[in-house]
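In this chain, residues are counted from 1 in sequence order. Both counts, for ligands and for their atoms, begin at 1 and track the order of listing.
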Amino acid sequence: MPKFVPFEYEKLAHDEQLRRAQSFFELCKRRRSIREFSSDPIPPEVLELIVQTASSAPSGANKQPWKFIVVTDSKLKKEIREAAEAEEKKNYEERMPQEWLDDLEPFGTDWRKEFLGVAPALIAVFAVNYEKDFDRIRKNYYVKESVGIAVGFLLAAIHNAGLVALTHTPSPMDFLQRILERPDNEKPFLLIPVGYPKDGTKVPDINKKSLDDIRIWR
Ligand code: IYR
């Protein structure tokens with residue numbers, strides 16, 4: 001028999017519901033991906049709460065198939081930066097087709113990833129594909145979906161705490177497995193530098209799609 005406990009819930013009045021929905025939207029729409037960081041440190045207890053928030057996300061069979069490696073050590077950050085730049089140099093100079101390079105033009109990105117050395121924390125998110133329970137292998141379910149949702153929570157928590165981040169996807173990411181000494185059942189998912197924006201940093205002049213472009217009522 002599954003064990004169930006009472007669900008604590010208080011229904012909001014309509015005006016309060018609307019006010020909260022509006023203010024969360026106002027908060028979220030101010031979030032931007034940032035590529036230039038200051039090196040100001042983040043209080044560790046803030047980072048811990050952000051990671052705990054991410055881990056409150058729903059996941060397939062509640063397996064919570066994620067690991068968050070919070071890197072603040074300068075030597076490790078430098079090692080990660082150098083490995084990421086080596087891969088990205090090959091991407092930008094040899095592996096990416098012209099269409100992709102053209103699509104990235106508005107963002108002004110290139111193979112240089114200075115932010116990986118400067119940001120006070122890098123959160124390397126790993127997807128845990130299965131768990132080893134002594135000799136037994138225990139499956140996780142909907143791993144990519146689950147970790148994607150958790151990263152959404154993570155980004156919202158970072159933004160809510162007045163910090164900025166970049167959802168970075170160095171590719172391929174095998175170097176993170178080696179440098180961060182993660183076991184075979186964990187695979188790198190995203191690398192997220194977190195911190196404060198460098199004074200005077202600018203962001204690309206881009207917009208989100210309008211509601212009419214993305215929502216269909218039926
Ligand atoms: N991972 C590369 C390229 C890149 C790809 C996409 I799609 C972006 O939105 C941004 C960058 C890099 O980090 O430069």
Colleague: Quick one: do the Gln22 and Glu26 side chains pair a donor with an acceptor below 3.5 Å?
Modeller: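 There is such a pair between these side chains.
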Colleague: Using a cut-off of 6.0 Å, state whether more than 12 heavy atoms not belonging to Arg20 lie near its atom CZ.
Modeller: no
Colleague: State, without any angle test, whether Tyr141 and Ser59 hold a side-chain donor-acceptor pair at a distance under 3.5 Å.
Modeller: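 Tyr141 vs Ser59: no donor-acceptor pair found between side chains.
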Colleague: Check ligand 1 against the protein and report each N/O to N/O distance under 3.5 Å, formatted as atom name, atom name, distance.
Modeller:
unit_1	atom_1	unit_2	atom_2	d
ligand 1	1 (N)	Glu88	OE2	3.2
ligand 1	1 (N)	Thr169	O	3.0
ligand 1	13 (O)	Lys113	NZ	3.2
ligand 1	13 (O)	His168	ND1	3.3
ligand 1	14 (O)	Tyr92	OH	2.5
ligand 1	14 (O)	Lys113	NZ	2.5

Colleague: Parallel, tilted or perpendicular: which fits the ring planes of His168 and Phe115, with parallel below 30° and perpendicular above 60°?
Modeller: perpendicular
Colleague: Kindly give the heavy-atom pair with the smallest separation between Val194 and Ile42, and that separation in Å.
Modeller: O-CD1, 3.6 Å
Colleague: When you check the gap from the basic side-chain N to the acidic O, do Glu85 and Arg81 get nearer than 4.0 Å?
Modeller: yes
